[in-house]
Number of protein chains: 2
Amino acid sequence: MSYQLLKNQVNQTIEISHSDLENFCNAFTSKTIKKKEFLLSQGRIYKYEGFVVSGCFRVFTIDKKGNENNLYFAAQNWWLMDIDSFLNQTPSNLNIQALEDSEVLLIRREDKLKLYESLPIIEKLFRIMSQKALVAWQRRLIRNNTLTAKERYVHFVTTYPNIVCKLTDKQIASYLGITHEFLSKIKKQG
Amino acid sequence: MSYQLLKNQVNQTIEISHSDLENFCNAFTSKTIKKKEFLLSQGRIYKYEGFVVSGCFRVFTIDKKGNENNLYFAAQNWWLMDIDSFLNQTPSNLNIQALEDSEVLLIRREDKLKLYESLPIIEKLFRIMSQKALVAWQRRLIRNNTLTAKERYVHFVTTYPNIVCKLTDKQIASYLGITHEFLSKIKKQG
DNA sequence: CAAAATAGTTGAACTTGTTCAACTTCCTAA
DNA sequence: TTAGGAAGTTGAACAAGTTCAACTATTTTG
């Protein structure tokens, strides 16, 4: 049952009544996405927010020179969202693509806004999740400023082994902010 | 009146009744902090959250080699918090130091937790503020991965001129993730 | 005001990471 | 099942950024 993962995560984050949790989960619909398909393309306004049940996604930007930059990866239990586009309803700068056949639970923007109104506990849920994510991004930035490429690579593969095994080296290099040629050389050094 | 800035920021973020806003602001107490004094030192558990009324602070980590790494600066209308320490009540990895004589509005952790209970709108306030901050951190990380040091420097001084003018080049270099010697060379090139 | 500490500059040698190009290997779609 | 296209490897030349050391401002403090 694909909703169980979502329920688990909510229960681990906040205390919520059974009926409120049901109401929350009922706002989501399941969707399967084939490998290489896009959940969101740059320039579009993002109307959904997603919880990954199975599979894996990459979230990336494309700069002026046409280079892709992987911002993060999302496997089981991760959230997929472009907060910027979702908050402000501005065209997205992000692309979200499935790296393998995947299942996500999607909630429409309007439905989420309604939930914020009808269930204040949902504000708390996303307040806490956002704050936790913020801490993670701050730490990642510190690592990028203080560690070498090799140290960052070692940190990534040891911290997220279940995601790393689904990725190509090219994708990892882009996430780490280095070229894939250089990652190849790092790996050769041992 | 130092509370007016706080009220303005809240009003710009959410719709809130006059009495709720009063209750929120009443939980804060004003404190003046002299230049170079610390609001928080690494290893302590952070019991307060602060809103900067005047002056300027730097938030930084110290790594194993003893190098300081400026994470961000906070001038008027910015918030000072170690979310990680505040959320989990774990010893802080951050140091918060005044760069000039400053005034902050402080709220105690317990009082903030009480406010979350009694005023659900405060959950919304911090949910939105956290999500906006998250977007800013994501963008900063993308810039760090895709721009050269010089481009990052130009972006920083043009985006935050009112903060830059309060900083030394050494502090800016640390924020950008480069050495102060290299920043000096960047500036010389024009 | 004088002394001491801190901030900023410059150069030379060095390390880290990039670019480009050629090659190999491994998928994958017709 | 095989041709075509990604993904990965390697090397050489290069660019970006660091380190160390010596020096010059500029603040800070007694």
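Labels below follow one simple rule: chain letters A, B, ... track the order of the sequence lines, proteins then strands, and each chain is numbered from 1. Just the heavy atoms: all of them, side chains too, but no hydrogens, waters or symmetry mates, feed the values below. This structure is a prediction, so every number in the text was calculated from the model and none was measured.
Rounded to an integer number of Å, the gap from CD of A:E151 to P of C:dG17 is 9 Å. Residue A:K36 contributes atom NZ, which lies 7 Å from atom P of D:dA7 at whole-angstrom precision. Between A:L99 atom CG and C:dC27 atom P there is a gap of 16 Å when expressed in whole angstrom units. Atom CD of A:E181 and atom P of D:dA13 are 17 Å apart (whole Å). One can place NZ of A:K188 at 17 Å from P of C:dC23, the figure rounded to the nearest angstrom. Separating the CZ atom of B:F182 from the P atom of D:dC20 is a distance of 17 Å, rounded to the nearest angstrom. Atom P of nucleotide C:dT16 and atom CG of A:N145 are separated by 17 Å, given to the nearest angstrom. Protein atom OH of B:Y153 is 18 Å distant from nucleotide atom C1' of D:dA16, rounded to whole Å.
A rotation axis mapping the C1' atoms of four pairs onto the next four is fitted at both ends of the helix from C:dC1-D:dG30 to C:dA30-D:dT1 over five pairs, and the angle between these axes is 60° to 10 degrees.
Counting atom types as modelled, B:K185 pairs a side-chain N or O with a base atom of D:dT19 as donor and acceptor under 3.5 Å.
Summary of the strand contacts: B:G177 and B:K35 both lie near DNA chain D, and taking for each the nucleotide with the nearest heavy atom, the more 5' one is attributed to B:G177.
Separation of atoms CD1 (A:I122) and NZ (A:K114) is listed at 15.0 Å; rounding is to 0.5 Å. Distance check, rounded to the nearest 0.5 Å: CD1 of B:I186 to CG of B:D169 gives 10.5 Å.
Between C:dG17, D:dG17, D:dA7, one nucleotide has an atom nearer to the side chain of B:I178 than all others, and that is D:dG17.
When each of A:K35, A:K166, A:K34 is paired with A:E100, the salt bridge (charged side-chain N to carboxylate O under 4.0 Å, His left out) condition holds for A:K166 and for no other. Residue A:Y175 is tested with A:Y153, A:F73, A:Y160 for a ring-ring contact (aromatic ring centres under 6.0 Å, His included); the sole match is A:F73.
For B:K31 and B:Y48, the positive end is not near the middle of the six-membered ring at less than 6.0 Å and at most 45° from its axis.
At the phosphate of D:dT18, OP1 or OP2 sits under 4.0 Å from a side-chain N or O atom of B:T179.
Checking B:N8 against B:Q12 by side-chain atom types alone, no donor-acceptor pair falls below 3.5 Å.
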Under the salt bridge (Lys or Arg N to Asp or Glu O under 4.0 Å) criterion, do B:K124 and A:E117 qualify, and how do the steps go? CA-CA 10 Å; B:K124 187 187 207 80; A:E117 300 299 322; 3.7 Å; yes
